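Heads up, the thing below is written out as structure tokens.
Everything numeric here is computed off the predicted structure, so don't read it as measured data.
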Number of protein chains: 2
Amino acid sequence: METTWQEQLRTVGLRVTRPRLSVLQVLAERPHADVDTIVTAARALHPTLSPQAVYGVLEALVAGGLARRIEPAGAPALFELRVGDNHHHLVCRSCGAVADVDCTVGAAPCLTPSDTAGFVVDEAEVVFWGLCRACRVGTPGVTAQVLQHDNRGGAHV
Amino acid sequence: METTWQEQLRTVGLRVTRPRLSVLQVLAERPHADVDTIVTAARALHPTLSPQAVYGVLEALVAGGLARRIEPAGAPALFELRVGDNHHHLVCRSCGAVADVDCTVGAAPCLTPSDTAGFVVDEAEVVFWGLCRACRVGTPGVTAQVLQHDNRGGAHV
DNA sequence: CGCTTTTCTTGAACCAGTCAAGAGAAGGAC
DNA sequence: GTCCTTCTCTTGACTGGTTCAAGAAAAGCG
């Protein structure tokens, strides 16, 4: 497992270090973790790890294409290892839980806007807002990530 | 014009005040303004207006459904008066310029994710990332809003 | 016109994220 | 294996966007 990560790091020109391996392992276990979560969890593997180091590691991983940053409105950035595939995210308005959605891009004319207003588009980012099952049945806050997302008025599907 | 805004404010149960009318006028002139822009522009109409007042006004407008907040990753929040229709946004990676895109929701199967992972979805938010015409032809920074958006790896359309 | 409630002003605080300098580790060269 | 260069991490301070809190001001009802 770590061998693979070592190879992946080297492949993109990054040195293999304890902080990087720790962060990669945490991300493998927690698919949509924020920096704080990563720092806390990674310290089990590398006790002296600093938040700034994690920012640096994540920046390197994202730049190298090994990780992806997602930034739901009103919440700190989240990171995931799933890269290179066209997938999007479901975000719970109540607890901030995030789930992956495979992009149905093959049948998605909306991802090629009719009028691009002179823009050259290279990426379409889709976020589905709603409530996760736990928050609907009255057990909010399971993931302990509370979002305050009052931004209504978007596309109601 | 202001009569209309007065009515709109009253309709949603908000008092009619100078700061609110000023912010509404600025938003009418600048469709995707950030707080700083709004404060600066609105001071032409109400010189003592404070940033905190603008935050309060915008919060009230959004809560009342008169305005909508959009938060492109890596940039301060923007506000617009266009509400109630299903439209999305084009964002320039270089200068942060924002343009509206009418939602082609009628032909958009991707906006109903196949697997909702137990979520009840009430909104699909789409952001198209790319370069605006000005930044492509070598006149970047026209809007003076510089974004640093290194988050690649999303859905490439 | 006075009173109650909402809203604005002023000032401080907060948080995620960034910047900078020096210590330390990785890994190629020898 | 050891040295040296370069990259990376640690420590610490700092920024920008946003929020919180208390009191003053204004809106709008009776």
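In this structure, B:Arg68 does not pair ionically with B:Asp85, as no charged nitrogen and carboxylate oxygen lie closer than 4.0 Å. Checked for salt-bridge contact, A:Glu80 and A:Arg69 miss the test: no charged N lies under 4.0 Å from a carboxylate O.
Remark: P of C:dG27 and CD of A:Glu7 are 13 Å apart, rounded to the nearest angstrom. The CG-P distance, from B:Leu9 to C:dT7, rounds to 10 Å in whole Å. Distance A:Leu14 CG to C:dG28 P: 14 Å, rounded to the nearest Å. Put simply, CD on B:Gln52 is 9 Å from P on C:dT9, counting in whole angstrom units. Note: CZ (B:Arg18) to C1' (C:dC8) measures 13 Å, nearest angstrom. In this structure, the CG atom of A:Leu58 is 14 Å from the C1' atom of D:dT8, given to the nearest Å.
Of the candidates D:dT10, C:dG27, D:dG28, the closest approach to any side-chain atom of B:Val16 belongs to D:dG28. Of all nucleotides listed (C:dG17, D:dC9, C:dC8), C:dC8 comes nearest to the side chain of B:Pro19. Nearest to the side-chain atoms of B:Arg15 among the listed nucleotides D:dT6, D:dG28, D:dT18 stands D:dG28.
Of the N and O atoms on the side chains of A:Asp100 and A:His32, at least one donor lies less than 3.5 Å from an acceptor on the other residue.
Within the 4.0 Å cut-off from OP1 or OP2 of C:dC8, not a single side-chain nitrogen or oxygen of B:Thr48 is found. For B:Tyr55, no side-chain nitrogen or oxygen approaches OP1 or OP2 of D:dT19 to under 4.0 Å. Put simply, B:Arg10 has a side-chain N or O that comes within less than 4.0 Å of OP1 or OP2 on D:dG28. Contact check, B:Thr17 against C:dC8: a side-chain N or O comes under 4.0 Å of OP1 or OP2.
For D:dT8, its base never sits under 3.5 Å from the side chain of A:Arg20 at any donor and acceptor pair.
At least one side-chain heavy atom of A:Leu27 sits under 4.5 Å from a side-chain heavy atom of A:Leu58. Side-chain contact between B:Gln25 and B:Trp5 is present, with at least one heavy-atom pair separated by less than 4.5 Å.
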